[in-house]
Amino acid sequence: MIALRWVLGLLLGGMGGGFFVLTLVANGFRKSFGASEINPLLRVIPLAGMLVLLAGLVAPSNRPLLHVGAACAVAMMGYCLWTMVTESADVVWIGLIYGAVWLYFYWRTISAVVV
């Protein structure tokens, strides 16, 4: 179970860092063509969700944090499904798979803690 936490944490750190760098580069690229910047909420909300998922991995004994993380994972998976239907983006499979594995971690952690 500890290996799963490490794998999920490292993947999340890489995805979060990559997402942040990509939004910075994309804003510079958009400005060079005279377009407006990306809405800051579109940059902050995914990063906040990733931080909640990471916090659930760091402190798996904190049940409320795990529940909020599960809600974030479900919301992320719903957004990925919506994106697949509306924009036919195949790369969102990564988000779906990550969310499913995180929910598996959540299920195993919650079922192990139940008295």
Side-chain angles (χ1 to χ4, degrees):
M1 196 63 167
I2 193 107
L4 181 61
R5 285 175 55 197
W6 273 98
V7 169
L8 287 172
L10 290 173
L11 285 172
L12 191 61
M15 286 189 300
F19 178 79
F20 181 72
V21 169
L22 185 63
T23 58
L24 291 178
V25 171
N27 271 337
F29 187 72
R30 288 173 57 86
K31 281 183 192 177
S32 70
F33 286 109
S36 62
E37 285 191 15
I38 297 173
N39 187 351
L41 283 179
L42 294 177
R43 190 182 321 170
V44 171
I45 291 174
L47 288 175
M50 288 180 201
L51 285 175
V52 170
L53 291 175
L54 186 61
L57 293 171
V58 171
S61 60
N62 189 343
R63 290 175 62 96
L65 189 58
L66 282 174
H67 296 320
V68 172
C72 286
V74 169
M76 176 187 68
M77 292 174 71
Y79 179 75
C80 288
L81 285 173
W82 180 72
T83 302
M84 284 177 64
V85 170
T86 59
E87 299 177 16
S88 68
D90 292 332
V91 74
V92 295
W93 278 104
I94 296 169
L96 284 173
I97 293 169
Y98 184 87
V101 173
W102 200 97
L103 287 174
Y104 172 74
F105 160 77
Y106 166 76
W107 173 67
R108 292 287 308 249
T109 303
I110 292 298
S111 63
V113 175
V114 172
V115 177

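Here, residue 1 is the first one in the sequence, and each next residue gets the next number.
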With a 4.5 Å cut-off on side-chain heavy-atom distances among I, L, V, M, F, W and Y, is there a chain of contacts connecting [X] to [Y]?
| X | Y | answer |
| --- | --- | --- |
| Ile45 | Val74 | no |
| Met76 | Leu81 | yes |
| Val101 | Leu54 | yes |
| Ile110 | Val68 | no |

Shortest non-hydrogen contact from [X] to [Y]?
| X | Y | value |
| --- | --- | --- |
| Gly56 | Trp102 | CA-CZ2, 4.4 Å |
| Cys80 | Val92 | O-CG2, 3.5 Å |
| Cys72 | Gly49 | SG-CA, 4.3 Å |
| Leu53 | Gly69 | CD2-O, 3.2 Å |

Exercise for review: List the steps, then state whether side chain to side chain contact (heavy atoms under 4.5 Å, CB included) holds for Tyr79 with Thr83.
Suggested key: CA-CA 6 Å; Tyr79 179 75; Thr83 302; 3.5 Å; yes
Review point. Who passes side-chain contact (heavy atoms from CB on, under 4.5 Å) against Trp107, sequence neighbours left out?
Key: Tyr104
Check your understanding: Taking only residues two or more places apart in sequence or in another chain, which ones pass ring-ring contact (aromatic ring centres under 6.0 Å, His included) with Trp93?
Key -> none
Review point. What residues join Val44 in its hydrophobic cluster, counting side-chain heavy atom gaps under 4.5 Å, either direct or through other members?
Key: none
Practice item. Just grab all the ring pair (Phe, Tyr, Trp, His ring centres under 6.0 Å) pairs involving residues 51-77, residues at least two apart or on different chains. Key: His67-Tyr106
Review point. If you look only at pairs with a residue in residues 43-64, which of them pass as a ring pair (Phe, Tyr, Trp, His ring centres under 6.0 Å), with sequence neighbours excluded?
Key: none
Can I get a per-line list of side-chain donor-acceptor pairs under 3.5 Å for residues 2-25, giving both atom names and the distance, sequence neighbours left out?
from  : atom 1 : to    : atom 2 : distance (Å)
Arg5  : NE     : Leu57 : O      : 2.9
Arg5  : NH2    : Leu57 : O      : 3.0
Arg5  : NH2    : Val58 : O      : 3.4
Thr23 : OG1    : Phe19 : O      : 3.4
Thr23 : OG1    : Phe20 : O      : 2.7

Check your understanding: Crowded around Ile94 CD1? As in, over 12 foreign heavy atoms under 6.0 Å?
Key -> no
